[in-house]
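Read through the structure below, which is laid out as structure tokens, and then see the notes.
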Amino acid sequence: MIDEALREISRGSAEVIDDERIHKLVKAYVEEGKNYTVKCGFDPTAPDLHLGHTVLLHKLATFQKYGGVVQFLIGNFTATIGDPTGKNVTRKVLSQEDIEKNIVSYTTQAFKILDESKTKIVYNKEWLEELGAIGMLSLASNLTVARMLERDDFSKRYSSNTPIAVSEFMYPLLQGYDSVHLQSDIEIGGTDQKFNLLMGRQLQKAYDIKKQQAVLMMPILEGLDGVQKMSKSLGNYIAVADESNDMFGKVLSISDDLMWRYYELLSDKSLDEIATMKNGVEDGSLHPKKVKEDLALEITARFHSADAAQNAKAEFERVHAKSQIPTDIAEFSCDGEIWIAKALVDCNIEPSTSQARRDIKQGAVKINQEKVSDIQLQLGAGEYVLQVGKRKFAKLKVK
RNA sequence: GGUGGGAUAGUCAAGUGGCCAACGACGGCAGACUGUAAAUCUGCUCCCUAUGGGUUCAGAGGUUCGACUCCUCUUCCCACCA
């Protein structure tokens with residue numbers, strides 16, 4: 001039991017600091033039913049979670065299975081500073097209203113994965129606001145400028161003369177102080193958070209907390225392109241709130257290599273099952289497409305439902321394998337005859353008539369499955385299914 | 001505070017009076033091939049019913065038949081010195 005728990009806990013992790021502590025905590029739970037706390041901080045800087053975030057949520061859910069009580073920390077105070085991690089520019093400061101809004105959508109999405117009964121939502125504004133100038137100064141005395149500048153992102157920015165706000169220096173300290181206040185037993189985060197996570201340990205020691213938190217770091221999930229990290233700004237993400245059809249399609253569009261990574265970090269399948277599949281693909285007894293489909297089904301089912309996932313799969317096959325038209329297409333209508341290029345723009349499947357012309361020239365545009373070659377084409381009264389490329393569709397009614 | 005250098009399309013980056021809607025790279029889109037994968041090859045990549053027209057090269061003026069290119073001012077960024 002303990003071994004299995006530890007194996008699941010360390011699954012996919014990039015680095016664990018003080019795994020002895022984790023071992024003891026899990027053992028105490030299994031043998032004596034004692035709970036422990038696992039902290040994980042989220043910045044409410046964006047309203048939508050994507051699968052990259054869920055890597056951590058999954059890990060938290062695993063801990064919940066084995067006695068962990070999750071301290072779901074909302075950084076509503078630190079969000080006003082902006083985490084400098086991995087940024088090459090100072091982050092924008094968010095307004096209070098935006099933060100409030102983000103918090104609501106954040107937590108509802110998070111509870112699709114987390115067990116609500118074993119989760120405590122905490123806001124660091126509660127204690128950080130009270131800290132005051134004096135508390136802040138004494139907190140800051142725990143860290144030297146030299147050490148701060150050792151940080152990769154800071155040193156890069158410093159040497160490339162990108163401005164660093166002094167307030168950004170405070171960020172790791174405040175995050176560390178959260179661990180002091182919450183007396184966390186374990187904190188998890190992405191590998192890019194290492195500095196901040198270790199700060200928690202250092203400060204817990206400085207503030208005389210008896211035990212320092214163990215730290216478990218998860219790798220950063222690559223986005224759909226398989227190279228850069230999944231992020232909204234890069235547009236290579238799968239959002240938790242994505243439609244089931246989109247979600248299914250997006251998962252299927254990842255590369256075969258990336259698929260294994262997603263399995264490790266996002267799937268509920270056991271490590272043994274995954275290894276078996278991998279062997280199957282390697283010796284040719286299992287088609288990689290099938291394996292990827294299973295992954296897409298699993299992920300879609302998690303955020304929607306098993307039925308929705310099956311429908312998405314059927315839909316996908318209709319549209320792509322048999323190159324038929326999807327069942328659910330946005331509909332538009334217009335009065336009187338309309339020029340094809342204009343129609344495509346009006347239906348939001350082309351950004352400009354210029355682009356529409358180009359695509360028509362290249363044979364990317366279809367009406368009712370028929371390739372269009374005439375740029376001048378006028379659409380008279382009737383109903384049409386317009387298509388650009390493989391995935392953009394629209395229905396148009398011309399009166 | 002002083003002295004130099006710079007700002008070009010999504011990003012990087014050529015262009016230093018007309019041949020410029022602007023080389024190239026990356027990204028993106030589309031086509032072929034596939035498993036809507038990867039890899040590869042090809043085309044496109046400011047807007048406009050368009051063998052033409054319009055608006056662009058930080059901003060505002062000016063010189064010129066003509067300016068991304070020259071001059072003046074403004075804003076922002078960078079380097080070196082203080």
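If you're wondering where the values come from, they're calculated on a predicted model, not measured in any experiment. In what follows, every chain begins at residue 1, and chains take the letters A, B, ... in the order their sequences are listed.
Here, B:rG18 and B:rC78 have their P atoms 33 Å apart, quoted to the whole Å. Nucleotides B:rU16 and B:rA67, compared at atom C1', are 11 Å apart to the nearest Å. Comparing the C1' positions of B:rG52 and B:rA38 gives an interatomic distance of 43 Å, to the nearest angstrom. Atom C1' of B:rA9 sits at a distance of 25 Å from the matching atom of B:rG61, rounded to the whole Å. Taking the C1' atoms as reference points, B:rC46 lies 7 Å from B:rA21, given to the whole Å. On the P atoms, B:rG6 is 25 Å away from B:rU56, given to the nearest whole Å.
The side chain to side chain donor-acceptor pair (under 3.5 Å) search around A:Ser270 returns A:Glu273, not counting sequence neighbours. For A:Asn245, the side-chain contact (heavy atoms from CB on, under 4.5 Å) test picks out A:Ala312, A:Glu315, with sequence neighbours left out. Looking at residues two or more places apart in sequence or on another chain, you find no side chain to side chain donor-acceptor pair (under 3.5 Å) involving A:Lys118. Residues forming a salt bridge (Lys or Arg N to Asp or Glu O under 4.0 Å) with A:Arg7 (at least two apart in sequence, or on another chain): none. Applying the side chain to side chain donor-acceptor pair (under 3.5 Å) test to A:Ser354 and every residue at least two apart in sequence or in another chain returns nothing.
The nearest pair of heavy atoms linking A:Asp335 to A:Lys399 is OD1-CD, 3.4 Å.
Each of A:Gly363 and A:Ser354 has a nearest nucleotide on RNA chain B; the 5'-most of these lies closest to A:Gly363. The residue among A:Asp256 and A:Lys342 whose nearest nucleotide of RNA chain B is located toward the 5' end is A:Asp256.
Pairing of B:rG66, defined by two Watson-Crick or G-U wobble distances under 3.5 Å, is not identified with any nucleotide. Base pairing of B:rC29: its partner is B:rG43, meeting the Watson-Crick or G-U wobble criterion (both donor-acceptor distances under 3.5 Å). Pairing for B:rU3 is with B:rA79, a Watson-Crick or G-U wobble pair whose two hydrogen-bonding atom distances lie under 3.5 Å. Using N1 to N3 plus N6-O4 or O6-N4 for Watson-Crick, or N1-O2 and O6-N3 for G-U wobble, each under 3.5 Å, B:rA14 pairs with nothing. B:rC20: no Watson-Crick or G-U partner with both key distances under 3.5 Å is found in any strand. The partner of B:rA38 cannot be assigned: no Watson-Crick or G-U wobble pair with both contacts below 3.5 Å exists in any strand. For B:rU72, the paired base is B:rA60 (Watson-Crick or G-U wobble, both distances below 3.5 Å).
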Check your understanding: Can you give one letter per nucleotide of nucleotides 20-28 of chain B, 5' to 3': B if a protein heavy atom sits under 4.0 Å from the base, S if only from the sugar-phosphate, - if neither?
Key -> ---------

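Residues A:Met199 and A:Gln175 are not in side-chain contact: their nearest non-hydrogen atoms beyond the backbone lie 4.5 Å or more apart. Side-chain contact check for A:Trp127 versus A:Leu174: every heavy-atom pair is 4.5 Å or farther apart.
Contact check of residues 274-293 of chain A against RNA chain B (heavy atom, cut-off under 4.0 Å) returns A:His287, A:Pro288, A:Lys289, A:Lys292. Within residues 391-399 of chain A, the residues that place at least one heavy atom under 4.0 Å from RNA chain B are, in residue-number order, A:Arg391. Near RNA chain B, meaning a heavy atom under 4.0 Å away, the residues from residues 381-389 of chain A are A:Gly389.
Residue A:Ile254 is classed as a sugar-phosphate contact, given heavy-atom separations below 4.0 Å to backbone atoms only. The residue A:Thr353 sits close to a base: some heavy atom pair falls under 4.0 Å.
OP1 and OP2 of B:rA37 both lie 4.0 Å or more from every side-chain N or O belonging to A:Ser253. Here A:Ser352 reaches the OP1 or OP2 of B:rC48: one of its side-chain N or O atoms lies under 4.0 Å away.
Taking Ile, Leu, Val, Met, Phe, Trp and Tyr as members and joining any whose side-chain heavy atoms lie under 4.5 Å apart, directly or through other members, the hydrophobic cluster of A:Phe393 also contains A:Val319, A:Ile325, A:Ile329, A:Val385.
Between the side chain of A:Arg357 and the base of B:rA50, at least one donor-acceptor pair of N or O atoms lies under 3.5 Å. Under 3.5 Å, the side chain of A:Gln378 and the base of B:rU49 form at least one donor-acceptor pair of N or O atoms. Within 3.5 Å, a donor on the side chain of A:Gln362 pairs with an acceptor on the base of B:rG43, or the reverse.
Using modelled atom types and a 3.5 Å distance limit, the side chains of A:Gln204 and A:Ser184 yield no donor-acceptor pair. Under 3.5 Å, the side chains of A:Glu187 and A:Gln193 contain no donor-acceptor pair of N or O atoms.
Sequence neighbours left out, the pairs with a member in residues 252-264 of chain A that pass salt bridge (Lys or Arg N to Asp or Glu O under 4.0 Å) are A:Glu222-A:Arg261, A:Asp256-A:Lys292. Sorted by first and then second residue, the salt bridge (Lys or Arg N to Asp or Glu O under 4.0 Å) pairs involving residues 361-386 of chain A (not counting sequence neighbours) form an empty list.
Other residues, nucleotides and ligands place more than 12 heavy atoms under 6.0 Å from the CG atom of A:Asp283. Around NZ of A:Lys27, the count of heavy atoms belonging to other residues, nucleotides or ligands within 6.0 Å does not exceed 12. For A:Glu32, the CD atom counts as densely surrounded, since its 6.0 Å shell holds more than 12 non-hydrogen atoms of other residues, nucleotides or ligands.
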